[in-house]
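Just so we're on the same page: letters track the sequence lines, and every chain starts at 1.
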Amino acid sequence: MRMTRLALKTQREAPADAEAVSHQLLIRAGYIRRLASGVYSFLPLGIRVLAKLNQIVREELDAAGAQELLLPALHPVELWEQTGRLRTMSDVLMTVEVKGGSFVLGPTHEEAVIATVSPDLESYRDLPVTVYQIQTKFRDEARPRFGLMRTREFIMADAYSFDMSAEAMKISYGRMYQAYLNIFDRCDLPYIPVEADSGAIGGDVNHEFMVSSPIGEDHFAQCPKCGYAANIEAAKRGEGVRNRSDVPAEKMEVHATPGASSIKDVVNAFRSAGFEIDSSALLKSLAFKDENDDVTLILVPGDRDVRVPSGLIPLSDDDFESNSFLFKGFIGPMGMTDQGVKVLADFSVAERASWFSGANLEGHHVSNAVLDRDFAVDQVGSFAVVAEGDPCPNCGEMLSLVRSVEVGHTFQLGHSYSNKIPYATFKAEDGTDQKYWMGCYGIGMSRLPAAIAEHFHDSDGLRWPRSVAPYQVELVTITPGRAPEAVAFADDIYRQLWEMGVEVLYDDRDLAPGVKFADADLIGIPTIAIIGQRGIANGVIEVKDRFSGDRVEVRVPEIVEYLRNCG
RNA sequence: CGGGAAGUAGCGCAGCUUGGUAGCGCGCAGCGUUCGGGACGCUGAGGCCGCGGGUUCAAGUCCCGCCUUCCCGACCA
């Protein structure tokens with residue numbers, strides 16, 4: 001492509017509202033343009049990156065035995081009522097009213113794919129099947145941000161597997177998981193698969209594919225020794241050193257702390273009473289209930305958050321009324337097991353000898369509450385959100401927390417969707433109707449260019465790995481107005497490379513050299529060949545590697561072959 | 001949804017305190033000079049000063065309301 005014909009203009013300055021470096025560079029270099037908040041156009045260069053990524057995904061998923069199809073973006077609203085997600089996902093759903101009904105703009109396609117393929121998957125003989133699509137998704141995000149990172153309209157490659165048994169589902173999952181490893185390998189991204197929390201989509205085993213990034217919106221815990229890695233939502237810690245050495249001689253003592261029901265207020269109350277403490281000395285006791293309305297108390301230090309086990313929900317105000325021994329804001333673990341409350345303590349609770357805690361009395365807290373002396377627990381385990389330095393659950397090494405971008409997510413769904421859709425069944429070998437065992441798999445296609453740009457840019461601009469670069473080679477002519485022979489020479493190289501099928505961008509613009517060099521660096525094509533009068537007079541072409549910055553001089557007769565081998 | 005900031009030419013910004021002809025840089029068009037790392041001169045085009053109302057002889061500027069955007073948080077298959 002000749003740049004004089006390319007519908008693209010680089011910008012010296014990024015829009016003021018672009019914060020992330022990847023966002024600024026993608027806009028400045030002319031890959032994307034904002035149309036609305038969280039809504040971006042892909043310009044000619046940007047769509048080429050996307051096409052490269054799509055091609056990688058197609059090749060790997062096809063090789064894994066998945067079949068491409070294309071589901072609609074418009075879903076009849078009834079389909080979403082059926083699974084209950086019209087309600088549960090109402091925060092992000094966009095709907096459109098049309099003649100004769102309403103449609104949901106698909107934020108994900110479990111409903112649509114089941115409705116589409118189930119007529120053809122009638123028998124166990126028809127399984128297993130995995131289908132995928134590359135589709136635009138719509139989510140009314142609370143806060144779109146960081147350019148392509150979090151948008152309201154985005155492109156996802158999503159796949160769905162259908163199997164006849166749990167074992168078969170695991171095989172399909174394993175195959176897709178491997179395909180995902182292949183895909184991210186080919187994007188050259190340093191990613192890491194982590195164990196993840198299943199969240200609202202439901203299901204059991206699942207993994208997120210994370211890329212470490214300073215603008216990531218996720219965190220995962222990683223063990224430097226054994227390789228354990230899990231999303232912060234799912235990460236567990238191991239047992240620490242139980243501290244019994246400095247158990248105070250003093251007995252537990254009740255203090256009046258009127259109105260102090262938050263961690264912050266309680267700390268302040270004790271401080272004004274002369275105790276030099278911070279929130280880590282306070283025992284946070286949070287009450288939850290299960291489906292039988294049985295109460296569970298979870299204990300974590302006051303400076304930590306509870307990682308709520310699945311199946312437990314926080315008590316409502318009504319629940320507090322029906323459990324009159326629970327004083328919201330003043331709960332402590334003392335005597336709770338006698339009330340039939342199950343008490344779970346995080347490992348970190350056992351690491352401290354004595355605690356300040358709620359007194360189970362309105363307006364009162366206690367000091368010197370000691371585990372196994374003043375209160376009992378049913379189980380000590382990993383019940384807090386893990387923190388930097390917590391011991392690894394596998395090997396005990398200190399965990400570190402990594403900020404990251406989620407570029408893919410794979411789920412073993414089991415029956416969580418097929419159970420909700422009556423016709424999501426097949427005839428089993430024994431003649432009974434059975435539900436599909438499903439898996440689903442997603443890659444944020446439009447997020448990937450941002451993640452890649454974020455990871456590989458330097459101070460001069462973008463640097464694309466070859467596998468996703470919009471062009472493999474950029475030719476830059478120098479002083480075209482004055483050097484017709486150099487231009488003719490460049491034209492010839494361009495034509496030859498073009499005919500060989502090399503993806504070549506040709507900066508044939510009549511601009512000052514500095515501008516063209518700067519643009520080449522900004523755009524980030526991996527190989528830049530500089531064709532100027534001076535070099536040609538010496539019989540050489542200067543070729544710059546955008547990644548390493550290395551420059552080599554290639555002899556004129558060899559230049560075409562050299563550049564071809566770059567691509 | 002809570003907190004903060006900002007909307008003036010395609011992009012980056014000044015002007016607002018103290019109301020009186022809407023400006024600068026980049027970019028864009030034309031001409032000329034330059035030409036191996038974002039050159040220079042001259043000429044020119046381009047504006048619903050976010051929207052609506054109010055105050056005033058007069059509003060980009062003051063007052064009220066709304067909208068949009070960005071950042072932090074909450075939320076997030």
Quick note, A:Ala512 side chain, CB onward, closest among B:A39, B:U69, B:G36 is B:A39

Answer yes when A:Glu474 and A:Arg546 have at least one side-chain N-carboxylate O distance shorter than 4.0 Å, and no when they do not.
no

Look through every strand shown and name the nucleotide pairing with B:A58 as Watson-Crick or G-U wobble, where both distances are under 3.5 Å.
none

Under-3.5 Å donor-acceptor pair between A:Arg143 side chain and B:G2 base:
no

Thinking salt bridges, do A:Lys284 and A:Asp305 make one under a 4.0 Å N-O criterion?
yes

A:Ile531 or A:Glu406, whichever maps to the more 5' nucleotide of RNA chain B
A:Ile531

Need the pair for B:G47. Rule: Watson-Crick or G-U wobble, both distances under 3.5 Å, any strand; none if unpaired.
none

Taking B:C72 as the reference, what is the distance to B:G25 when you measure between their P atoms (whole Å, please)?
34 Å

Rounding to an integer number of angstrom, what distance separates B:C1 and B:A39 when you compare their P atoms?
48 Å

Does any nucleotide pair with B:C42 by Watson-Crick or G-U wobble geometry, both distances under 3.5 Å, and what is it?
B:G30

With rounding to whole Å, what would you report as the distance between B:U8 and B:G23 at their C1' atoms?
10 Å

Quantified in whole Å, what is the C1' atom distance between nucleotide B:A9 and nucleotide B:A29?
15 Å

So, do A:Thr151 and A:Val39 sit near enough that their side-chain heavy atoms are less than 4.5 Å apart?
no

Polar side-chain atom of A:Arg150 near backbone of A:Arg143 as donor-acceptor pair, under 3.5 Å:
no

Please determine whether the number of non-hydrogen atoms from other residues, nucleotides or ligands lying under 6.0 Å from atom CZ of A:Arg307 exceeds 12.
yes

If we call it a pair only when both distances are under 3.5 Å in a Watson-Crick or G-U wobble match, what pairs with B:G36?
none

Mate of B:U21 across any strand shown (Watson-Crick or G-U wobble, both atom pairs under 3.5 Å) is none

Just checking A:Tyr40 against A:His23, ring centres under 6.0 Å apart?
yes

Does a nitrogen or oxygen in the side chain of A:Ser37 sit under 4.0 Å from OP1 or OP2 of B:C70?
yes

Please determine whether a side-chain nitrogen of the Lys or Arg among A:Asp521 and A:Lys544 lies less than 4.0 Å from a carboxylate oxygen of the Asp or Glu.
yes

Here the residues of residues 533-545 of chain A within 4.0 Å heavy-atom distance, strictly under, of RNA chain B are A:Arg534, A:Gly535, A:Glu542, A:Lys544

Parallel, tilted or perpendicular: which fits the ring planes of A:Trp437 and A:His415, with parallel below 30° and perpendicular above 60°?
tilted

Near-ring test A:Phe456/A:Phe547, centroid separation under 6.0 angstrom
yes

Applying a 4.0 Å non-hydrogen cut-off, can you work out what A:Arg33 is touching in the nucleic acid: base, sugar-phosphate, or nothing?
nothing

Note: for A:Phe154 and A:Phe146 on RNA chain B, the residue whose nearest nucleotide lies more 5' is A:Phe146

Just to be sure I understand the rule, does A:Asp519 reach a base, reach only the sugar-phosphate, or reach nothing, if contact means heavy atoms closer than 4.0 Å?
base

So what does A:Lys9 touch, heavy atoms closer than 4.0 Å: a base, only the sugar-phosphate, or nothing?
sugar-phosphate

On a whole-Å scale, what distance lies between the C1' atoms belonging to B:U61 and B:U56?
13 Å

Protein N or O to nucleotides 9-13 of chain B N or O, pairs below 3.5 Å:
from, atom 1, to, atom 2, distance (Å)
B:C11, O2', A:Glu13, O, 3.2
B:G12, OP1, A:Ala16, N, 2.4
B:G12, O2', A:Glu13, OE2, 3.0

Distance check, P atoms only: B:U18 and B:G12, in whole angstrom units.
29 Å

Under the side-chain hydrogen bond (donor to acceptor under 3.5 Å, both in side chains) rule, collect the residues that match up with A:Thr477, sequence neighbours excluded.
A:Lys516

Choosing from B:U69, B:C72, B:G36, which nucleotide comes nearest the side chain of A:Arg152?
B:U69

A:Phe288 and side chain to side chain contact (heavy atoms under 4.5 Å, CB included): which single residue from A:Leu312, A:Ile313, A:Leu315, A:Asp319 fits?
A:Leu312

What distance, rounded to whole Å, do you find between the two C1' atoms, one in B:U21 and one in B:C11?
27 Å

For B:G73 versus B:G41, give the span between their P atoms, rounded off to a whole number of Å.
45 Å

